[in-house]
Amino acid sequence: MRLGKYWLKIMGVVYIDLLIIINLYITFFLIKATSVFLHRQITTKRVLLGALVGGASSLIILLPPLLFLFNALIKIVVGSIIVLIAFGYKTGYEYMKNSLIFIIINVVFAGFTLMLCFFASPLGMTHNNGIVYFNISFTVLIITTISAYVLIRLLRYAIDARSAGDRTFTITFTRSGKTVTLSALADTGNMLTDYFSGLPVIICPPLLSDLVMSDNNNAIPPRLLPYNTISSSGLIPVYKADEIIIKSDNMPDKSVKALIGISENDAPAIFNPKLLI
């Protein structure tokens, strides 16, 4: 049962409950997409609170068409509030960067929406004051936004894969109260994945043996995982860490879920860039 409807001469019937829910859902997607580009892990509570602001702000669609500058000002204020709620405030630079990425993703989504409206003209799709209203099934909406989110993650992965070779990384491993930090390289060639858990494996030098053996008699025996390279093949022992954090300049520390694989080569640790997503 619809909560109510509003008639706009230039648009037709807009159901208020559907309007808020759709824009809440879209804002949720936009915040998650922004977190992917920023390599930021944020709680679901923060995402939902930010999405609620976006859903409530959609009511400006019911107003007469606003002047461009006034409408843009409202969008900037609302967007700033959403970013503040979702990502918090640490420094002015970081806040501005978060806001800029959020605005860019909004612009891309708005462009996609206008293209859809121009070419497909879906039934019941209208927009006013920068707000979009779809009178379509939630199934179609969910499939569309999930597809767009997957594409954004793939784009982020492609960008990271291209730039990872030019960046310097360190990885901090913690196990049984002991911590070791190693230099690391991002390499898409490391596709090693544990068959049972599905977790990627970070290839590490023998130096890390001190860490994985630190719990002595209480240690869980390693799992032997088959591997193949251009020059060799065999079995590599893999271990579980309590915490793994990847660090680099110009990106927040990234806590990842992965396993430790101990190689026989004294080389930097090697991880797949997909861990940065």
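Not measured: the values here are computed from a predicted model.
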Non-hydrogen side-chain atoms of [X] and [Y] separated by less than 4.5 Å:
X: Pro226; Y: Tyr195; result: yes
X: Val201; Y: Ile203; result: yes
X: Ile202; Y: Ile270; result: no
X: Leu52; Y: Leu48; result: no
X: Asn272; Y: Met191; result: yes
X: Leu192; Y: Asn190; result: yes
X: Tyr227; Y: Ser263; result: no
X: Ser80; Y: Tyr95; result: yes

Partners passing salt bridge (Lys or Arg N to Asp or Glu O under 4.0 Å) against Glu94 (at least two apart in sequence or in another chain) | Arg40
Contacts of Asp242 that satisfy salt bridge (Lys or Arg N to Asp or Glu O under 4.0 Å) - sequence neighbours left out |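 Per chain and number, Asp242 pairs via salt bridge (Lys or Arg N to Asp or Glu O under 4.0 Å) with no residue.
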Spacing of [X] atom [atom1] and [Y] atom [atom2] [to the nearest 0.5 Å]:
X: Ile171; Y: Cys204; atom1: CD1; atom2: SG; result: 6.5 Å
X: Ile26; Y: Ile21; atom1: CD1; atom2: CD1; result: 12.0 Å
X: Leu185; Y: Phe169; atom1: CG; atom2: CZ; result: 9.0 Å
X: Ile74; Y: Ser57; atom1: CD1; atom2: OG; result: 9.5 Å
X: Tyr93; Y: Met96; atom1: OH; atom2: CE; result: 11.0 Å
X: Lys254; Y: Ile244; atom1: NZ; atom2: CD1; result: 13.0 Å

Atom of [X], atom of [Y] and distance for their closest heavy-atom approach:
X: Ala258; Y: Leu199; value: CA-CB, 4.4 Å
X: Thr27; Y: Gly54; value: OG1-CA, 3.5 Å
X: Gly50; Y: Ile82; value: O-CG1, 3.7 Å
X: Pro205; Y: Ala269; value: CD-N, 4.2 Å
X: Gly261; Y: Ile236; value: C-CD1, 3.8 Å

Please confirm whether the backbone N or O of [Y] pairs with a side-chain atom of [X], one donor and one acceptor, at under 3.5 Å?
X: Ser197; Y: Asp194; result: no
X: Arg175; Y: Lys240; result: yes
X: Arg46; Y: Ile85; result: yes

Test log, rule side-chain contact (heavy atoms from CB on, under 4.5 Å), inputs Ile246 and Phe271 = CA-CA 10 Å; Ile246 300 177; Phe271 66 94; 4.0 Å; yes
Might you work through the side-chain contact (heavy atoms from CB on, under 4.5 Å) test for Phe87 and Ser35, ending with a clear yes or no?
-> CA-CA 8 Å; Phe87 299 98; Ser35 69; 4.0 Å; yes
Between Phe173 and Thr179, does a side-chain contact (heavy atoms from CB on, under 4.5 Å) hold up when you go through it step by step?
-> CA-CA 6 Å; Phe173 302 89; Thr179 298; over 6 Å; no
Only one of Thr172, Ile245, Thr170 passes side-chain contact (heavy atoms from CB on, under 4.5 Å) with Asp253; say which it is.
-> Ile245
Using side-chain contact (heavy atoms from CB on, under 4.5 Å) as the criterion, point out the one residue from Ile105, Asn98, Asn106 that pairs with Phe102.
-> Asn106
If two hydrophobic side chains count as joined below 4.5 Å and joins carry through other members, does [X] share a cluster with [Y]?
X: Val78; Y: Leu49; value: yes
X: Leu69; Y: Ile76; value: no
X: Ile31; Y: Ile81; value: yes

Do Ile42 and Val47 pass the side-chain contact (heavy atoms from CB on, under 4.5 Å) test, and can you show the C-alpha distance, the side-chain angles, and the key distance before you say yes or no?
-> CA-CA 7 Å; Ile42 55 178; Val47 179; 3.5 Å; yes
